[in-house]
**Q** 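Take a look at this one; I'll ask things after.
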Amino acid sequence: PANAGGVNTRRTFPKPWDMLRGMQAMNPVETRIWELASFELGQRKKIIRKVRRREVIPNRRYSWLLFEKQTDPEPFETVVLDASLTEALKIDQSVGAELDVHLWV
């Protein structure tokens with residue numbers, strides 16, 4: 001409803017399906033980070049503070065290592081995807097990943 005000055009005073013909130021539409025646009029690494037940070041997990045939720053990428057098979061398969069703390073020696077979780085180097089670089093840019101130059105052998 002509008003007030004006397006003709007200004008709309010009604011607040012609009014995002015609909016659940018609008019939020020889901022935004023989630024679909026995220027890559028699998030971003031989606032997993034959001035899932036781990038979900039309030040639905042309660043005390044089990046995890047905040048990912050560092051992401052590193054490893055090349056498993058050059059230009060074909062990559063893994064993203066998710067760390068809870070900047071200083072953790074071991075990742076909390078790993079997301080492995082079949083992706084080209086171009087796709088991997090886009091994911092790196094969206095999640096702020098560091099490149100790990102060691103190859104998995």
Side-chain angles (χ1 to χ4, degrees):
N3 65 13
V7 176
N8 188 353
T9 57
R10 183 180 218 175
R11 288 194 67 182
T12 58
F13 296 98
K15 307 284 188 278
W17 52 86
D18 291 336
M19 288 190 247
L20 287 175
R21 197 174 306 128
M23 292 284 284
Q24 292 171 349
M26 285 195 280
N27 64 60
V29 178
E30 288 176 310
T31 302
R32 187 61 186 141
I33 291 170
W34 278 98
E35 289 170 355
L36 290 170
S38 171
F39 285 109
E40 295 169 358
L41 293 176
Q43 297 218 353
R44 296 182 328 224
K45 77 177 181 175
K46 304 292 180 189
I47 304 299
I48 302 302
R49 292 183 171 84
K50 180 180 174 182
V51 179
R52 285 187 6 217
R53 175 174 52 93
R54 284 197 174 162
E55 191 173 55
V56 179
I57 301 172
N59 203 30
R60 185 160 176 202
R61 180 169 291 164
Y62 297 92
S63 64
W64 284 264
L65 312 171
L66 310 179
F67 297 85
E68 274 190 276
K69 298 176 185 158
Q70 291 280 345
T71 57
D72 285 349
E74 295 296 319
F76 171 75
E77 188 158 323
T78 302
V79 178
V80 179
L81 297 174
D82 288 337
S84 69
L85 178 58
T86 304
E87 294 166 327
L89 292 172
K90 286 180 185 176
I91 293 172
D92 288 351
Q93 186 177 19
S94 69
V95 298
E98 301 171 3
L99 178 61
D100 190 343
V101 295
H102 302 292
L103 296 176
W104 289 71
V105 182

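Just so it is clear, the structure is predicted and the values come from calculations on it, not from any experiment.
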**Q** For E77, which residues count as a side-chain hydrogen bond (donor to acceptor under 3.5 Å, both in side chains) partner, sequence neighbours excluded?
**A**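 Once residues adjacent in sequence are excluded, the partners of E77 under the side-chain hydrogen bond (donor to acceptor under 3.5 Å, both in side chains) criterion are R32.
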
**Q** From L81 CG over to W64 CH2, what is the distance, rounded to the nearest 0.5 angstrom?
**A**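 Atom-to-atom, L81:CG and W64:CH2 are 5.0 Å apart.
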
**Q** I need the minimum non-hydrogen distance between S38 and K45, along with the two atoms involved.
**A**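 Shortest heavy-atom separation between S38 and K45 comes out as O-CB, 3.4 Å.
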
**Q** Of all heavy-atom pairs between E98 and K50, which one has the smallest distance, and what is that distance?
**A**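 That closest heavy-atom pairing would be OE1-CE, 3.5 Å.
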
**Q** Which pairs pass salt bridge (charged side-chain N to carboxylate O under 4.0 Å, His left out) with one or both residues in residues 85-97, sequence neighbours excluded?
**A** R53-D92

**Q** Once rounded to the nearest 0.5 Å, what's the spacing between atom OG1 of T78 and atom CG of L65?
**A** 5.0 Å

**Q** Please report the interatomic distance CG(L36) to CD1(I47), rounded to the nearest 0.5 Å.
**A** 9.0 Å

**Q** So, for A88 and A83, which heavy atoms are closest and what is the spacing to 0.1 Å?
**A** N-CB, 4.4 Å

**Q** Mind checking the CD1-CZ spacing from I48 to F76? Nearest 0.5 Å is all I need.
**A** 6.5 Å

**Q** Can you list the steps and then say if S63 with R54 is a side chain to side chain contact (heavy atoms under 4.5 Å, CB included)?
**A** CA-CA 5 Å; S63 64; R54 284 197 174 162; 3.5 Å; yes

**Q** Holding to side chain to side chain contact (heavy atoms under 4.5 Å, CB included), I want the full list of residues that pass it with R60, two or more places apart in sequence or in another chain.
**A** I57

**Q** Rounded to the nearest 0.5 Å, how far apart are CD of E68 and CG of L66?
**A**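 These two atoms lie 10.5 Å from each other.
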
**Q** Roughly how far apart are E35 CD and M26 CE, rounded to 0.5 Å?
**A** 8.5 Å

**Q** Closest approach of N59 and E55, non-hydrogen atoms and distance?
**A**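 Nearest heavy atoms, N59 then E55: N-OE2, 4.1 Å.
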
**Q** Walk me through it: do R49 and F67 pass the test side chain to side chain contact (heavy atoms under 4.5 Å, CB included)?
**A** CA-CA 6 Å; R49 292 183 171 84; F67 297 85; over 6 Å; no

**Q** List the steps and the verdict of side chain to side chain contact (heavy atoms under 4.5 Å, CB included) for Y62 and I91.
**A** CA-CA 11 Å; Y62 297 92; I91 293 172; over 6 Å; no

**Q** Could you point out which residue of N27, V29, V51 forms a side-chain contact (heavy atoms from CB on, under 4.5 Å) with V79?
**A**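 Answer to the side-chain contact (heavy atoms from CB on, under 4.5 Å) test with V79 among N27, V29, V51: V29.
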
